[in-house]
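Please read the structure below before turning to the comments.
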There are 2 protein chains.
Amino acid sequence: MDDQPRASQTVRTLLQLRELILNGDLSPGERVSELGIVERLGVSRTPVRVALVRLEEEGLVDCLPTGGFVVRAFSETDIADAIQLRGVLEGMAAQRAAERRLSRDALSELRDVVGSLDALVRQRDLTIDDFSDYIRLNDRFHGLLLHLADSPVLKRSMERVLSLPFASPGAFVRVQAELPESREILVIAQEHHRAILDAIENGEGSRADHLAREHSRLARRNLDISVKNQRQLDRVPGASLIRLRRA
Amino acid sequence: MDDQPRASQTVRTLLQLRELILNGDLSPGERVSELGIVERLGVSRTPVRVALVRLEEEGLVDCLPTGGFVVRAFSETDIADAIQLRGVLEGMAAQRAAERRLSRDALSELRDVVGSLDALVRQRDLTIDDFSDYIRLNDRFHGLLLHLADSPVLKRSMERVLSLPFASPGAFVRVQAELPESREILVIAQEHHRAILDAIENGEGSRADHLAREHSRLARRNLDISVKNQRQLDRVPGASLIRLRRA
DNA sequence: GCCGCCCCTATTGTATACAGTAAGGCGTTA
DNA sequence: TAACGCCTTACTGTATACAATAGGGGCGGC
């Protein structure tokens, strides 16, 4: 059961604490007691404190002025902004990738992923497993985009944004899977993927940029849909951190 | 002499350690010994460790796989990428500000700053103090832009990028001050400021975006100039962290 | 003389002890 | 009965002690 037997206490604590927060075992606004975590995870206060500092930098917890930390709550606006920001960063990544005039060979992996996605989306009826595969391939596509941009600075910045789990490219796919028009949305998303690849292959930086930004708006749309239906919102990773303002 | 008598040990340690790194008292690649810092700053290891973790998240130090931290070194490419990223984020900020259709009243502060900058740049001969004033007003302009974007997520992301000191808007102004064409560059930069304000006033989001991106390229150009002249590069904040690849 | 192995030391990861402070509860008084 | 104040308690900030590990230096063998 112990996933990380070799990892240091600090790393294990960070991972487990992050999971506690993302799973909703700790509620937004709730103070994260160091001693409470010590009891739960069976480590001393020192690794817990380090993990809390890192999570604060990640943005999952907030520092209280009086000392200590609380689990952060995220509004619909926060999520929408994070999605927009991801779109902008992916736009920059796509643009850079395009303007590097990469060889056909350097793009073979990206082309393979787009090909796999094509095959997947072409199917009539999509199962739960298909959506899992889609999420995996989609993450891979977005990861490759970032890689092809060849910018550690950009990569780091993106990782920060993605540490908010509902900002990740696959965050709303499970929501979307429940919609009647789910397959059509995948068709559109995949058209974006193909077009982004095409733009990169042809060195069309601005086109790649705009396509990536538009692509992220699909997530934004799914967010809007989810907000109107709390049940669907629960399918989003880190759902427990979302606090909608009362209507 | 003690700037922060009331602040906690942790905060003081973070500020002082950051200063040690930025001043070059600790060289890039050099291991940051906890005990060494303890001796230098007269605090215990605990606040030092917290400060190191925070600085690692900021990107000023790197985690060694064996444990401990080293001061990071930044290449010319890193700096160029950070400047480009800042331009993209400021573009997003400007676009958001524009598309919010802000009232004339909400923009009065930004207009004042642009007015002050106008008056400053209009002068024939610019003194050192004038450049200091320019940096202050310029920072204020960029800060207001971020504020008007009204996005905590974006603000946080920008703060991360700006924690690399040579990515900040004013980083290369002191370099530029030494150039024969320094005043002309200021004239161009100020034209950008005016145009960005105009775009925001008129709700022209895309124009604001592109102007902000182009604006950041002035910093990029100054970087290129600085690289050809090590003496000028030393004027940049955090210069000691910059390691150019041998020609 | 050079290379390799072993031991020692320095440094970090981890745990815990101590002190200061803020918050909450209870009692008293108006 | 409600409000104010004091006291207690539990928490975090800080310091330090202990253990494990990695790296370096020295010694010995080839």
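Values reported hereafter were calculated over all heavy atoms of this structure, with side chains retained and with hydrogens, waters and symmetry mates removed. In what follows, chains carry the letters A, B, and so on, assigned in the order in which the sequence lines appear, proteins first and then strands, with residues in each chain numbered from 1.
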Next on the checklist: Can a donor-acceptor pair be found, under 3.5 Å and without considering hydrogens, that links the side chain of A:S163 to the backbone of A:E58?
Outcome noted: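 Between the backbone of A:E58 and the side chain of A:S163 there is a qualifying donor-acceptor contact (under 3.5 Å).
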
Next on the checklist: Please tell me if B:S33 has a side-chain N or O lying less than 4.0 Å from either OP1 or OP2 of C:dA10.
Outcome noted: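 No, no such contact exists.
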
Item to check | Phosphate OP1/OP2 of D:dT12: any A:T66 side-chain N/O under 4.0 Å | outcome: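 Checking D:dT12 against A:T66, no side-chain N or O comes under 4.0 Å of OP1 or OP2.
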
Item to check | Modelled atom types, side-chain donor and acceptor of A:Q9 and A:R12, under 3.5 Å | outcome: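 A:R12 and A:Q9 do have a side-chain donor-acceptor pair below 3.5 Å.
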
Item to check | Polar side chain donor-acceptor pair, A:D78 to A:S75, under 3.5 angstrom | outcome: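 Indeed, the side chains of A:D78 and A:S75 share at least one donor-acceptor pair under 3.5 Å.
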
Next on the checklist: Working to the nearest 0.5 angstrom, can you tell me the gap between B:H215 NE2 and B:R86 CZ?
Outcome noted: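 Interatomic distance, B:H215 NE2 to B:R86 CZ, rounded to 0.5 Å: 7.0 Å.
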
When the distance from [atom1] of [X] to [atom2] of [N] is rounded to whole Å, what number comes out?
X	N	atom1	atom2	answer
A:L64	C:dA23	CG	C1'	12 Å
B:F69	C:dT11	CZ	C1'	13 Å
B:L52	C:dG13	CG	C1'	14 Å
B:L35	C:dT11	CG	P	6 Å

Next on the checklist: Counting only side-chain heavy atoms from C-beta out, which of D:dG13, C:dT11, D:dT14 sits nearest to A:E34?
Outcome noted: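 Nucleotide nearest to A:E34's side chain: D:dG13.
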
Item to check | Selection from C:dT12, D:dA15, C:dA15 that lies nearest to any side-chain heavy atom of B:R31 | outcome: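 The answer is C:dT12.
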
Checklist entry - For DNA chain D, what residues of residues 36-50 of chain A have any heavy atom nearer than 4.0 Å? => result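 Output list: A:R45, A:R49.
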
Next on the checklist: Using the ring-ring contact (aromatic ring centres under 6.0 Å, His included) criterion, which residues pair with A:F172? Sequence neighbours excluded.
Outcome noted: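 Applying ring-ring contact (aromatic ring centres under 6.0 Å, His included) to A:F172 gives none.
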
Checklist entry - Would you say the side chain of A:L64 lies within less than 4.5 Å of the side chain of A:V70, judging by non-hydrogen atoms? => result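 Counting from C-beta outward, A:V70 and A:L64 do come under 4.5 Å.
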
